[in-house]
*Asks:* 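Take this structure first; my questions come after.
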Amino acid sequence: MQAAFRQIATSGRSLGAFIAVLGVLLAGGAWAFYQMEHFGHIVTGMNNQIVWGLPHVFAVFLIVAASGALNIASIGSVFGKSEYKPFAPLSGLLALALLLGGLTILLLDLGRPDRLVVAMTHFNFKSIFAWNMFLYTGFIAIVAAYLWTSLVREGARWNQAAGFLAFGWRILLTTGTGSIFGFLVAREAFDSAIYAPLFIALSLAYGMAIFLIVLVVVVRATGETVSAAMMSRLRRLLVVFIVAGLWFVAALHLTNLYMTRHHGIERFILLDGGVITVIFWLGQVALGSLLPIALLTLPRARDSTRATMLAAGLVILGGLAQMYVTIIGGQAYPQALFPGYAETSSFFDGVVHQYQPSAYELLLGVGGIAVAVAILTAGLRLFRFAPYRLPAD
């Protein structure tokens with residue numbers, strides 16, 4: 001299939017309002033970063049027990065979703081499904097935008113961003129964080145090369161090879177991100193090899209949900225129409241990815257329930273965790289998984305674009321809930337300093353730690369999303385990433 005691409009050249013009040021809102025969100029994120037950098041993390045809800053707060057929830061979600069957003073490009077290039085080719089450049093651009101937005105949050109949340117050069121030149125290869133430095137930069141370079149082969153005629157001969165490389169690298173990227181938690185043996189909520197395949201499955205659902213929303217907005221801005229057959233394929237893919245994510249979540253908890261030493265953390269997450277338990281069952285499972293599946297499969301809703309957009313939006317909210325439960329819940333549960341023994345001290349031993357995110361953290365997280373949207377918007381305005389002359393049914 002010969003794909004055609006174009007820039008988005010819309011203008012008017014709607015574009016001006018969109019840019020104004022985006023500018024406000026970016027300014028809010030910058031202001032929050034200034035407050036946290038100037039006064040320190042004391043202005044946030046983070047403490048000595050919960051050192052990764054709400055910004056990390058947004059950041060990890062965006063990084064995981066970036067891998068999944070490249071899925072459409074992989075289907076076209078790696079699996080030879082030519083009907084997906086017109087959407088490959090948009091898929092690659094979205095993946096880069098999401099990754100850069102997530103990394104921006106990480107850079108500004110961890111403190112001392114001026115020392116990034118140290119992290120990029122001094123490596124401890126026993127640390128998964130050091131490996132992730134290569135995975136992130138490699139992903140950016142490989143996806144950029146893939147986009148070049150997709151859009152420039154001289155690079156077309158290497159398109160399939162670049163597609164295979166990008167596909168393999170995004171699996172490595174998500175494996176590395178999941179392994180951050182899988183390798184943290186000191187936290188009972190983590191310390192599981194299932195986190196690597198779990199994050200791969202979750203990335204597919206999150207990336208597909210975001211891609212669906214972006215695709216609908218882009219084709220409307222260009223006056224194009226995605227065929228009913230293609231929308232049906234995308235909906236079915238999203239359902240499959242949601243179910244896969246639910247399966248691995250269930251496998252993680254069933255595995256922990258099988259091991260007696262993890263019964264405490266499982267009871268905390270599933271029954272006695274207060275807001276963590278509510279976010280898990282209501283946000284992650286019910287609203288973020290089961291309701292989207294119903295919207296995408298029930299006869300009265302599955303052919304509706306509005307229902308599809310709503311389902312995709314719920315998957316995104318469910319993804320944020322998943323990351324909140326994983327990151328915040330995993331830190332809130334007390335560490336077993338001496339397994340098999342009871343210990344007491346004045347330093348919160350055996351105490352479930354409380355965490356209430358501040359407005360600064362929320363603004364920084366939303367600012368990272370705004371960075372991703374700004375990169376995506378600039379790319380669509382300046383370069384030919386938008387699909388053009390889409391085939392009918």
Side-chain angles (χ1 to χ4, degrees), residues 52 54 56-58 60-65 67-68 174 177-178 181-182 187-213 235-259 262-298 301-302 307-333 352 355 357 365:
W52 291 347
L54 191 61
H56 269 63
V57 172
F58 282 94
V60 176
F61 172 80
L62 290 174
I63 292 170
V64 171
S67 172
T174 319
T177 306
F181 301 95
R187 296 285 183 179
E188 288 190 50
F190 307 148
D191 184 20
S192 174
I194 294 180
Y195 271 101
L198 168 63
F199 270 52
I200 292 173
L202 294 176
S203 74
L204 298 174
Y206 303 163
M208 178 61 74
I210 296 174
F211 179 82
L212 269 171
I213 293 176
R235 291 189 191 99
R236 288 197 299 269
L237 279 174
L238 182 55
V239 170
V240 171
F241 296 152
I242 296 171
V243 172
L246 270 178
W247 165 252
F248 278 105
V249 169
L252 174 65
H253 290 291
L254 289 173
T255 301
N256 284 342
L257 286 170
Y258 185 79
M259 294 181 285
H262 287 315
H263 284 181
I265 181 61
E266 286 302 312
R267 185 174 184 85
F268 174 72
I269 297 293
L270 301 178
L271 293 175
D272 299 336
V275 66
I276 297 296
T277 300
V278 172
I279 292 175
F280 174 78
W281 288 112
L282 181 62
Q284 179 182 335
V285 176
L287 296 179
S289 299
L290 299 181
L291 184 54
I293 291 174
L295 289 171
L296 293 167
T297 55
L298 293 178
R302 64 187 179 193
T308 301
M309 295 279 279
L310 176 59
L314 288 172
V315 171
I316 293 171
L317 292 177
L320 291 171
Q322 163 88 53
M323 293 304 155
Y324 192 94
V325 170
T326 300
I327 296 173
I328 307 301
Q331 296 174 94
Y333 190 77
V352 173
Y355 169 72

*Asks:* Please check: side-chain N/O of Q331 versus main-chain N/O of W52, any donor-acceptor pairing under 3.5 Å?
*Replies:* yes

*Asks:* Got a donor-acceptor contact below 3.5 angstrom from the W281 side chain to the L270 backbone?
*Replies:* yes

*Asks:* Quick one: do F211 and L237 satisfy side chain to side chain contact (heavy atoms under 4.5 Å, CB included)? Show the steps, please.
*Replies:* CA-CA 12 Å; F211 179 82; L237 279 174; over 6 Å; no

*Asks:* Could you check if a side-chain atom of I269 sits within less than 4.5 angstrom of a side-chain atom of Y333, using non-hydrogen atoms only?
*Replies:* no

*Asks:* Got V60 and T177 here, is their nearest side-chain heavy-atom distance under 4.5 Å?
*Replies:* yes

*Asks:* Kindly compute the distance separating CG (L290) from CG (L295), expressed to the nearest 0.5 Å.
*Replies:*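 L290 atom CG to L295 atom CG measures 11.0 Å (nearest 0.5 Å).
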
*Asks:* Might you point out which heavy atoms bring A65 and I210 nearest each other, and give the distance in Å?
*Replies:* CB-CD1, 3.7 Å

*Asks:* Partners of Y355 by ring-ring contact (aromatic ring centres under 6.0 Å, His included), sequence neighbours excluded?
*Replies:* none

*Asks:* What residues, two or more places apart in sequence or in another chain, satisfy salt bridge (Lys or Arg N to Asp or Glu O under 4.0 Å) together with R236?
*Replies:*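 Checked R236 against salt bridge (Lys or Arg N to Asp or Glu O under 4.0 Å); zero matches.
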
*Asks:* Would you say that I293 contacts L246 through its side chain, given a criterion of any heavy-atom pair below 4.5 Å between the two side chains?
*Replies:* yes

*Asks:* To check you understand the geometry: which heavy-atom pair defines the closest contact between A321 and G283, and what is its length?
*Replies:* CB-C, 3.9 Å

*Asks:* Measuring only between side-chain heavy atoms, which start at C-beta, is Q284 closer than 4.5 Å to I279?
*Replies:*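 Side-chain contact under 4.5 Å: no.
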
*Asks:* Counting only N and O atoms by type, is there a donor-acceptor contact under 3.5 Å from the side chain of T326 to the main-chain atoms of M323?
*Replies:*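 No, because the side chain of T326 does not come within donor-acceptor range (under 3.5 Å) of the backbone of M323.
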
*Asks:* Looking only at heavy atoms, what is the nearest atom pair of L314 and P292, with distance?
*Replies:*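 Here L314 and P292 meet closest at CB-CG, 3.7 Å.
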
*Asks:* First locate atom CD1 of I328, then atom NE2 of H56, and finally report the distance between them rounded to the nearest 0.5 Å.
*Replies:* 9.5 Å

*Asks:* If you compare all heavy atoms of L282 against all heavy atoms of A286, which two are closest, and at what distance to 0.1 Å?
*Replies:*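 Closest pair (atom of L282, atom of A286, distance): O-CB, 3.5 Å.
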
*Asks:* Rounded to the nearest 0.5 Å, how far does OG of S67 lie from OH of Y206?
*Replies:* 12.5 Å

*Asks:* Can you find a heavy atom in the side chain of L296 that is under 4.5 Å from one in the side chain of I242?
*Replies:* yes

*Asks:* Only one of L198, L202, I200 clears side chain to side chain contact (heavy atoms under 4.5 Å, CB included) with F248; which?
*Replies:*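 Result: among L198, L202, I200, L198 is the only option passing the side chain to side chain contact (heavy atoms under 4.5 Å, CB included) with F248.
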
*Asks:* With a 4.5 Å limit on heavy-atom distance, are the side chains of L287 and L317 in contact?
*Replies:* no

*Asks:* What's the spacing between S192 OG and M259 CE if we round to 0.5 Å?
*Replies:*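 S192 atom OG to M259 atom CE measures 6.5 Å (nearest 0.5 Å).
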
*Asks:* Return the minimal non-hydrogen interatomic distance between A205 and L238, and the atom names on each side.
*Replies:*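 In terms of heavy atoms, the two residues are closest at O-CD1, 3.6 Å.
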
*Asks:* To the nearest 0.5 Å, how far apart are NE2 in H263 and CD in E188?
*Replies:*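 H263 NE2 to E188 CD: 11.0 Å, rounded to 0.5 Å.
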
*Asks:* Are P357 and Y324 close enough that some pair of their side-chain heavy atoms sits under 4.5 Å apart?
*Replies:*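 Yes; the side chains approach each other to less than 4.5 Å.
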
*Asks:* Between atom CG of D191 and atom NE2 of H262, what is the distance when rounded to the nearest 0.5 Å?
*Replies:*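 Interatomic distance, D191 CG to H262 NE2, rounded to 0.5 Å: 5.5 Å.
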
*Asks:* Determine whether a donor-acceptor pair (N or O, by modelled atom type, separation under 3.5 Å) exists between the side chain of T277 and the backbone of F268.
*Replies:*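 Yes: the side chain of T277 pairs with the backbone of F268.
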
*Asks:* Run the side chain to side chain contact (heavy atoms under 4.5 Å, CB included) test on M309 and I213 for me, step by step, so that the C-alpha distance in whole Å, both residues' side-chain angles and the decisive distance to 0.1 Å come before the verdict.
*Replies:* CA-CA 6 Å; M309 295 279 279; I213 293 176; 4.2 Å; yes

*Asks:* State, with a plain yes or no, whether a side-chain heavy atom of V57 is found less than 4.5 Å away from one of L54.
*Replies:*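 Answer yes - side chains close enough.
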
*Asks:* Looking at residues at least two apart in the chain, or sitting in another chain, which of them share a ring-ring contact (aromatic ring centres under 6.0 Å, His included) with F181?
*Replies:*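 So F181 forms a ring-ring contact (aromatic ring centres under 6.0 Å, His included) with F190, F199.
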
*Asks:* Counting N and O atoms only, with roles assigned by atom type, does the side chain of T174 sit under 3.5 Å from a partner on the main chain of V64, one being a donor and the other an acceptor?
*Replies:*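 Checking the backbone N and O of V64 against the side chain of T174, no donor-acceptor pair under 3.5 Å is found.
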
*Asks:* With a 6.0 Å cut-off on the ring centroids, do H253 and F280 count as close?
*Replies:*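 They qualify: ring centres under 6.0 Å apart.
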
